[in-house]
Number of protein chains: 2
Amino acid sequence: MKKSERQMLIKQIILNNDIATQEELLHQLQDKGVKATQATISRDIKELNLVKTNNAGQGVKYTIYQNNQMTVEDKLNSTIKSVVTAYNIVQFMNIIATLPGNAHVIGALIDDIEFPEIVGTVAGNDTIILISRTNEDAQLIYEYFDNVMADSD
Amino acid sequence: MKKSERQMLIKQIILNNDIATQEELLHQLQDKGVKATQATISRDIKELNLVKTNNAGQGVKYTIYQNNQMTVEDKLNSTIKSVVTAYNIVQFMNIIATLPGNAHVIGALIDDIEFPEIVGTVAGNDTIILISRTNEDAQLIYEYFDNVMADSD
DNA sequence: GCTGAATAGAAATTCAAA
DNA sequence: TTTGAATTTCTATTCAGC
């Protein structure tokens with residue numbers, strides 16, 4: 001049993017059961033034939049970023065902790081990279097193509113950021129139009145998308 | 001010093017400092033003139049839903065835990081209640097007015113849910129059009145908004 | 001109800017080993 | 001680098017008192 005396998009199992013167990021202590025988790029692992037000790041589980045929990053929560057009223061349990069400290073711009077950039085399929089500038093507008101059903105997601109984020117170069121956005125299912133005041137402003141937006149899409153990370 | 005005041009202070013302290021143990025938190029409170037013991041802090045931490053996290057690499061610290069287990073429909077409902085200002089049915093379409101910049105948020109959620117009664121959505125800054133196949137489908141969507149807006153909670 | 005002192009219980013670490 | 005045994009450290013609870 002490799003460490004990574006054990007840690008995968010731990011994630012599954014805490015997702016499907018209410019585990020209050022490391023001892024409990026240990027027993028569940030042993031039921032599945034995994035041999036380990038509390039010390040090891042403690043290290044696993046740290047590496048997996050699990051936290052003990054007060055599961056709203058009834059008892060504590062371990063859960064996965066996700067840190068949502070992303071800025072709106074971080075979110076926009078990662079969303080652009082994952083859902084935008086094409087982007088084209090047409091005079092004072094940028095026409096962005098996305099995966100089906102994702103245009104509004106981009107729209108919501110762009111509206112949130114309030115780019116000064118964008119005066120309005122209209123989104124359908126898989127297309128969003130970004131309207132600028134001038135061709136120059138539109139060009140800046142086009143370059144923004146170009147930069148984001150070029151980022152490899 | 002009332003309990004609620006102490007708990008407010010605790011939130012402030014853990015937001016502005018990296019607190020690794022209850023002892024540490026206790027000292028910070030004492031510096032601010034609050035008299036309490038570890039037992040009390042332990043209870044406060046539970047009530048405030050704080051968790052000990054592995055602050056990405058460098059050390060553990062207490063942070064506020066927010067549970068993001070809302071379904072998309074829960075999110076849509078709460079978003080509708082907070083940003084929709086008007087909704088009207090016009091034949092096979094519903095025209096939804098929102099607070100400025102929030103139309104796309106509604107659009108993204110509706111697209112995500114994939115209502116069978118909605119064949120397409122187009123959102124601008126503060127208006128979103130929900131297009132149905134028939135007047136009857138549009139009526140169902142209208143009633144959905146009606147129900148959500150009527151909910152008092 | 002809220003709290004502190006003491007204690008039980010749980011989790012992290014040290015140390016040694018493989 | 002990963003692990004277990006033992007230990008330390010930290011946290012939750014009990015119990016008494018307010």
Side-chain angles (χ1 to χ4, degrees), chain A residues 1-69 153, chain B residues 1-69 153:
Chain A
M1 168 62 60
K2 276 181 301 181
K3 178 176 155 183
S4 60
E5 292 179 56
R6 187 187 58 242
Q7 293 191 346
M8 277 299 150
L9 251 177
I10 289 175
K11 275 204 232 173
Q12 282 177 27
I13 292 171
I14 66 124
L15 280 173
N16 298 314
N17 306 272
D18 286 5
I19 304 292
T21 70
Q22 296 179 6
E23 283 289 318
E24 245 177 274
L25 181 51
L26 198 51
H27 292 320
Q28 292 262 358
L29 281 171
Q30 286 166 349
D31 286 354
K32 298 197 192 312
V34 179
K35 204 165 145 288
T37 60
Q38 180 263 324
T40 299
I41 304 302
S42 171
R43 297 180 187 111
D44 287 339
I45 284 173
K46 191 173 201 167
E47 289 172 24
L48 290 171
N49 252 275
L50 305 185
V51 294
K52 234 177 148 171
T53 58
N54 307 298
N55 198 20
Q58 291 310 307
V60 295
K61 67 179 253 195
Y62 278 99
T63 53
I64 296 170
Y65 179 79
Q66 64 269 43
N67 199 3
N68 261 341
Q69 306 290 12
D153 58 23
Chain B
M1 167 64 60
K2 275 181 298 181
K3 177 175 156 184
S4 59
E5 292 179 55
R6 187 186 57 242
Q7 293 192 345
M8 278 297 150
L9 251 176
I10 289 175
K11 275 203 229 171
Q12 283 177 27
I13 291 171
I14 66 123
L15 281 172
N16 298 314
N17 307 271
D18 286 6
I19 302 293
T21 71
Q22 296 180 6
E23 284 288 318
E24 244 178 274
L25 181 52
L26 198 51
H27 291 320
Q28 291 262 356
L29 281 171
Q30 285 166 350
D31 286 353
K32 296 196 193 314
V34 178
K35 204 164 145 288
T37 61
Q38 180 265 325
T40 299
I41 304 301
S42 172
R43 296 179 188 114
D44 286 340
I45 284 172
K46 189 172 202 168
E47 290 174 23
L48 290 171
N49 252 274
L50 304 186
V51 293
K52 234 176 148 172
T53 58
N54 307 299
N55 198 21
Q58 292 311 306
V60 294
K61 66 178 255 193
Y62 278 99
T63 53
I64 296 169
Y65 179 79
Q66 64 270 42
N67 199 3
N68 263 341
Q69 306 290 12
D153 57 24

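Sequence lines set the chain letters: A, B, ... in the order given, protein chains first and strands last, and positions in each chain run from 1.
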Practice problem: Look at Arg6(B) and dT3(C) and indicate whether a side-chain polar atom (N or O) is within less than 4.0 Å of OP1 or OP2. | Solution: yes
Exercise. Could you tell me the separation between the CD atom of Gln7(A) and the CD1 atom of Ile41(A), rounded to the nearest 0.5 Å?
Key: 9.0 Å
Quiz item: Rounded to whole angstroms, how far apart are CD on Glu23(A) and P on dT11(D)?
Solution: 18 Å
Quiz item: Between Lys52(A) and dT11(D), does any side-chain N or O lie under 4.0 Å from OP1 or OP2?
Solution: no
Quiz item: Considering only dT3(D), dA12(C), dG4(C), which nucleotide approaches the side chain of Gln22(A) most closely?
Solution: dA12(C)
Quiz prompt | Upstream residue (5' side of DNA chain C) when Ile41(A) and Thr40(B) are each assigned their closest nucleotide | solution = Thr40(B)
Quiz item: How far apart are the closest heavy atoms of Gln22(B) and Ser42(B), and which atoms are they?
Solution: OE1-CB, 3.4 Å
Quiz item: Measuring from Ile64(B):CD1 to Thr53(B):OG1, what's the distance to the nearest 0.5 Å?
Solution: 11.0 Å
Quiz item: OH of Tyr62(B) to CG of Leu48(B): how many Å apart, nearest 0.5 Å?
Solution: 11.5 Å
Self-check item: Separation of atom CD1 in Ile45(B) from atom C1' in dA10(C), rounded to whole Å
Solution: 15 Å
Quiz item: Under the 3.5 Å rule, do the base of dA12(C) and the side chain of Gln38(A) count as making a donor-acceptor pair?
Solution: yes
Quiz item: Taking only side-chain nitrogens and oxygens of Tyr62(B), does any of them come within less than 4.0 Å of OP1 or OP2 of dT11(D)?
Solution: yes
Practice problem: Using atom CD of Gln7(A) as one end and atom P of dT1(D) as the other, report the distance to the nearest whole Å. | Solution: 15 Å
Exercise. Please report, rounded to the nearest Å, how far the P atom of dT11(D) is from the CD atom of Glu47(B).
Key: 17 Å
Quiz item: 5'-most contact on DNA chain C: Lys2(B) or Ser42(A), nearest heavy atom basis?
Solution: Lys2(B)
Practice problem: Grab the CZ-C1' distance between Arg43(A) and dT9(D) for me, whole Å please. | Solution: 15 Å
Quiz prompt | Whole-Å gap separating P (dT9(D)) and NZ (Lys46(A)) | solution = 15 Å
Quiz item: Base, sugar-phosphate, or nothing: which does Thr21(A) touch, judged by heavy atoms less than 4.0 Å apart?
Solution: sugar-phosphate
Quiz item: Could you state the CG-P distance from Leu48(B) to dA12(D), rounded to the nearest angstrom?
Solution: 12 Å
Quiz item: Taking atom C1' of dA12(D) as reference, at what distance in whole Å does atom CG of Leu26(B) sit?
Solution: 15 Å
Quiz item: How far does NZ of Lys3(A) sit from OG1 of Thr40(A), to the nearest 0.5 angstrom?
Solution: 9.5 Å
